[in-house]
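Here the structure comes first, spelled out in C-alpha cells, and everything after it is commentary.
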Amino acid sequence: MDNPKKLTRPRQDRKMAGVCAGLANYLGLDPTVVRVIYAILTLCTAIVTGLIVYLILMLVIPEDPTK
C-alpha cells in the first residue's frame, strides 16, 4: 500500500517554525513560493490575523518525527 501524505513541520528547510515549509512539502510546491504568498496574504488581511493563524498552525501541525 502507498503511504498517505502527512502534513508535518520539517526539521530542515525551516525559517521560523517550519509551517510554510510543511505546507509546501504537503502541496508539492517550493517553500519560498508558499512563504511569499503567506507574507502577502498576511499584509493584505491585517498583520495580527496572519500572526495568529501562523501560531495556531505551529501548535496544530506536528513536527516531523524523522531526523
inquiry  = Checking side chain to side chain contact (heavy atoms under 4.5 Å, CB included) between V48 and each of L51, I52, T45, which is the one that passes?
reply    = I52
request  = Drop me the distance from I61's CD1 to L7's CG, to the nearest 0.5 angstrom.
outcome  = 4.0 Å
inquiry  = I'd like to check the side chain to side chain contact (heavy atoms under 4.5 Å, CB included) partners of P62; sequence neighbours left out, ordered by chain and number.
reply    = T8
ask   = Do the non-hydrogen side-chain atoms of V34 and D30 ever get within less than 4.5 Å of each other?
value = no
task = Taking the six-membered ring of Y26 (Phe, Tyr or Trp), confirm whether the NZ or CZ of K6 is under 6.0 Å from its centre and within 45° of its axis.
result = no
query = What are the two closest non-hydrogen atoms of A21 and P10, and how far apart are they?
reply = CB-CG, 3.7 Å
task = Please assess E63 against R14 for the test side chain to side chain contact (heavy atoms under 4.5 Å, CB included), listing each intermediate value before the final yes or no.
result = CA-CA 11 Å; E63 197 165 15; R14 60 165 53 178; 3.0 Å; yes
message = Would the distance check show the side chain of Y38 and the main-chain N or O of Y54 forming a donor-acceptor pair, the cut-off being under 3.5 Å?
response = yes
remark   = Taken to the nearest 0.5 Å, the spacing of I37 CD1 from T42 OG1 works out to 11.5 Å
task = State the CG-CG distance between L23 and L57, to the nearest 0.5 angstrom.
result = 6.5 Å
message = Which heavy atom of A17 sits nearest to which heavy atom of M58, and what is that distance?
response = CB-SD, 3.3 Å
task = Verify the cluster assignment for L41 and V33: are they in a single hydrophobic cluster under the rule of side-chain heavy atoms below 4.5 Å apart?
result = yes
request  = Please answer whether the main-chain N or O of D64 pairs with a side-chain N or O of R9 as donor and acceptor at a distance below 3.5 Å.
outcome  = no
